[in-house]
J.: 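Quick one: this structure, given as structure tokens, is what I'll be asking you about.
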Amino acid sequence: MSQKPGWARRMAAWPRFLLGRGNDAGQLYDLRGAGAIEGAGDTPLVNMGYWAEVSPRGADALQKACYALFDLVADGAGLDAAEAHVLDAGCGFGTNACHIVERFGSAWVTGVNVSAVQLAIARDRAALAGVDGKVNFLLASVTDLPVATGSMDAVVSVEAAFHFDTREQFFAEAFRVLKPGGRLSMVDLVVPPAHRWWHAPALDLVCRSQAVPRANIYDLAGWMQRLRAAGFEVMEEESIVDRVFPAFRRWMLTRPPHVHLRYDLMYIVASLPYLVYPFDYVRVVARKPG
Ligand SMILES: C[S@@+](CC[C@H](N)C(=O)[O-])C[C@H]1O[C@@H](n2cnc3c(N)ncnc32)[C@H](O)[C@@H]1O
């Protein structure tokens, strides 16, 4: 299985993203293949991590922070009960889906992703971890879920909803597939509108190169208002931006230069806004009434 498209295909595809002609998350993540943010061993990771108790120094720092983020979300989903059916929206390489089953033996997880390349890796990883009987992966958009109404005990999502076209459509689908009383536990990058003149080009680059629909650009208050409008009862809400961005940025800037050179030049350019744009980052636990 080829985990990453060849150099020539990647180079040919990046300009489309930088020019905004490939504003599609599935194409973006297929293009990046296993070359995610960083891998610890053979674990490709695609989130910025939760650094409350993790130091940004050390070879496995990002891996520890990513797992801390998974645990934060799983804790909010209330999965201690026997037999829970969980949907992981925007499941990346299936790392969180496998981790949930390893942590809560009673859980069954359906991971949903629009990247076929990531899902192929996810299936291999689940088989290697011996949890493939309890996780399944669907190539689909979480804005139009091929999942029965009222069938899930919990929906979790880790740093993915900013891509969903649109996030509101995902809230509606999450609400539909949850059982009454079921929980939505998620963390998400919040991309507020540009406030200063130099924010505007950075925002433009974020939307074009990172497949963020313009319809998802609003602040934390707008994010919460849309969640409530979908029918959810909010149980916990907080901004955790101070436990994500400062340490993640420090971690990025202190990587040895040769590590950065492993990435495509275009990917490095596309990532620059992460160092400067005034993002927010939300953690939410909400419940479908009933
Ligand atoms: C930043 S990555 C996070 C992955 C994973 N949750 C993690 O933390 O390791 C965003 C993920 O969302 C997926 N994604 C984006 N839009 C999607 C959609 N409409 N439906 C399903 N998955 C989507 C991407 O393919 C990617 O796997």
Side-chain angles (χ1 to χ4, degrees), residues 10-11 13-20 22-23 25 28-29 31-40 44-69 72 90 92 158-163 187-214 216-220 223 238-283:
R10 296 203 311 275
M11 282 303 162
W14 270 114
R16 273 195 304 124
F17 278 90
L18 296 182
L19 293 169
N23 199 351
L28 174 70
Y29 284 97
L31 180 66
R32 283 169 61 183
I37 291 175
E38 175 83 340
L45 300 165
V46 258
N47 68 59
M48 288 183 280
Y50 183 67
W51 300 83
E53 289 173 15
V54 180
S55 156
R57 291 194 203 92
D60 59 352
L62 182 66
Q63 187 181 20
K64 285 186 188 156
C66 286
Y67 277 90
L69 193 62
L72 188 69
V158 179
E159 203 176 295
F162 62 104
H163 290 302
V187 290
D188 188 18
L189 182 69
V190 181
V191 188
H195 294 307
R196 296 172 196 269
W197 68 265
W198 56 270
H199 290 166
L203 177 63
D204 204 42
L205 188 56
V206 169
C207 290
R208 285 187 283 127
S209 65
Q210 306 287 327
V212 180
R214 291 269 171 191
N216 290 349
I217 308 300
Y218 37 80
D219 62 10
L220 186 51
W223 197 106
E238 61 172 339
S239 167
I240 58 169
V241 69
D242 57 335
R243 281 156 273 164
V244 174
F245 268 93
F248 177 71
R249 283 174 174 151
R250 222 172 305 138
W251 176 86
M252 255 173 100
L253 291 171
T254 53
R255 304 307 291 145
H258 73 272
V259 172
H260 292 291
L261 293 178
R262 269 198 252 132
Y263 302 119
D264 298 336
L265 177 65
M266 297 294 187
Y267 175 58
I268 295 174
V269 172
S271 301
L272 289 178
Y274 282 87
L275 294 175
V276 295
Y277 199 73
F279 293 105
D280 205 339
Y281 200 102
V282 66
R283 179 183 81 87

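Here, residue 1 is the first one in the sequence, and each next residue gets the next number. The structure presented is a predicted model; accordingly, all values stated were derived computationally and were not measured.
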J.: Listed by chain and number, what are the side chain to side chain donor-acceptor pair (under 3.5 Å) partners of Asp188, not counting sequence neighbours?
T.: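 Asp188 satisfies side chain to side chain donor-acceptor pair (under 3.5 Å) with Arg167, Trp223 only.
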J.: Looking at every heavy atom in both His199 and Tyr277, which two are closest together, and how far apart are they?
T.: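 Here His199 and Tyr277 meet closest at O-CE1, 3.5 Å.
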J.: Can you measure from CZ (Arg250) to CZ (Arg57) and round to the nearest 0.5 angstrom?
T.: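 With rounding to 0.5 Å, CZ (Arg250) is 8.0 Å from CZ (Arg57).
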J.: Less than 4.5 Å apart, any side-chain heavy atom of Tyr50 and any of Val158?
T.: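 Tyr50 does not reach Val158 side chain to side chain.
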J.: Donor-acceptor pair, distance only, cut-off 3.5 Å: does the side chain of Asp219 make one with the backbone of Pro192?
T.: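 No, the answer is negative, given that no donor and acceptor are paired below the 3.5 Å cut-off.
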J.: Can you tell me how far CG of Asn47 sits from CG of Leu69, rounded to the nearest 0.5 angstrom?
T.: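 That separation rounds to 5.0 Å.
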J.: Side chains of Glu238 and Arg243, heavy atoms from C-beta outward: is any pair under 4.5 Å?
T.: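 Of all side-chain heavy-atom pairs linking Arg243 with Glu238, at least one is under 4.5 Å.
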J.: For residues Leu275 and Leu253, determine if any side-chain heavy atom of one lies less than 4.5 Å from a side-chain heavy atom of the other.
T.: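 Of all side-chain heavy-atom pairs linking Leu253 with Leu275, at least one is under 4.5 Å.
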J.: Residues in side chain to side chain donor-acceptor pair (under 3.5 Å) with Ser55, at least two apart?
T.: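 For Ser55 there are no side chain to side chain donor-acceptor pair (under 3.5 Å) partners, ignoring immediate neighbours.
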J.: What closest approach, in Å, do Trp51 and Leu62 show between heavy atoms, and which atom pair accounts for it?
T.: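 Taking every non-hydrogen atom into account, CZ2-CD1, 3.7 Å.
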J.: What I'd like to find out is whether the side chain of Phe245 reaches to under 4.5 Å of the side chain of Leu189, using heavy atoms alone.
T.: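 They are in contact (side-chain heavy atoms under 4.5 Å apart), so the answer is yes.
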J.: Tell me the closest heavy-atom pair linking Leu28 and His163, and the distance in Å.
T.: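 The answer is CD2-CE1, 4.5 Å.
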J.: Contact between Val191 and Leu203 at the side-chain level, heavy atoms closer than 4.5 Å - yes or no?
T.: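 Yes; the side chains approach each other to less than 4.5 Å.
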J.: How long is the straight-line distance from SG of Cys66 back to CG of Asp60, given to the nearest 0.5 Å?
T.: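 Separation between the atoms: 11.0 Å.
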J.: Is there side-chain contact between Glu159 and Tyr281, with heavy atoms separated by less than 4.5 Å?
T.: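 Yes, at least one pair of side-chain atoms sits under 4.5 Å.
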J.: Check whether any side-chain heavy atom of Leu72 lies under 4.5 Å from a side-chain heavy atom of Ile240, and answer yes or no.
T.: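 Yes, at least one pair of side-chain atoms sits under 4.5 Å.
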J.: Is the shortest side-chain heavy-atom distance between Pro56 and Thr254 below 4.5 Å?
T.: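 The answer is no; the side chains never approach within 4.5 Å.
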J.: Heavy atoms only: give me the nearest Ile217-Cys207 pair and the separation to one decimal.
T.: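 Where Ile217 meets Cys207 most closely, the heavy atoms are CD1-SG, 3.9 Å.
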J.: Could you pull out the closest heavy-atom pair between Gly92 and Val46, with the gap in Å?
T.: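 Taking Gly92 first and Val46 second, the nearest heavy atoms are CA-CG2, 4.4 Å.
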J.: Decide side chain to side chain contact (heavy atoms under 4.5 Å, CB included) for Phe279 and Val244; before the verdict, give the C-alpha distance in whole Å, the side-chain angles of both, and the deciding distance to 0.1 Å.
T.: CA-CA 10 Å; Phe279 293 105; Val244 174; over 6 Å; no
